[in-house]
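Input: a single structure, listed below in structure tokens.
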Amino acid sequence: ILEIGVDEQNSIHLWFDFFNNPAVTVMDIDEKNVEKAKFIKLDQSSKSELELYSKNNTNEHHIIVDDGSHVP
């Protein structure tokens with residue numbers, strides 16, 4: 001699971017309650033201290049940062065939740 005935007009981190013607990021031993025990666029523009037999940041500081045509005053992550057990411061994400069930008 002990849003989740004973009006983690007705010008209060010409540011959803012991280014949801015993933016671990018819902019799935020059996022999930023591999024969870026979370027991204028946020030602000031530094032977060034998260035438990036159980038891998039954290040990546042990234043600005044999703046930056047095309048170059050997203051391209052760099054995509055280029056260097058060797059994990060396949062089966063679920064992507066984009067809750068980062070709240071700009072329609």
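Every side-chain contact (heavy atoms from CB on, under 4.5 Å) that Ser46 has, sequence neighbours left out, goes to Asp43, Ser48, Glu49. With sequence neighbours excluded, no residue forms a side chain to side chain donor-acceptor pair (under 3.5 Å) with His13. Taking the side chain to side chain donor-acceptor pair (under 3.5 Å) definition, one finds that Thr25 meets it with nothing, sequence neighbours left out.
Leu52 belongs to no multi-residue hydrophobic cluster, having no ILVMFWY side-chain contact under 4.5 Å with any other such residue. Grouped with Phe19 in one hydrophobic cluster are Ile1, Val6, Ile12, Leu14, Trp15, Phe16, Phe18, Val24, Val26, Val34, Phe39, Ile63, Val65, the linkage being side-chain heavy-atom contacts under 4.5 Å among Ile, Leu, Val, Met, Phe, Trp and Tyr residues.
Between Gln44 and Gly68 the shortest heavy-atom distance is OE1-CA, 3.1 Å.
For residues 29-41, there are no side chain to side chain donor-acceptor pair (under 3.5 Å) pairs, not counting sequence neighbours.
Here CG of Leu2 is found 5.5 Å from CD1 of Ile64. Values are rounded to the nearest 0.5 Å.
Put simply, Ile29 and Leu42 are part of two different groups of oily side chains (I, L, V, M, F, W, Y) that touch within less than 4.5 Å, one to the next.
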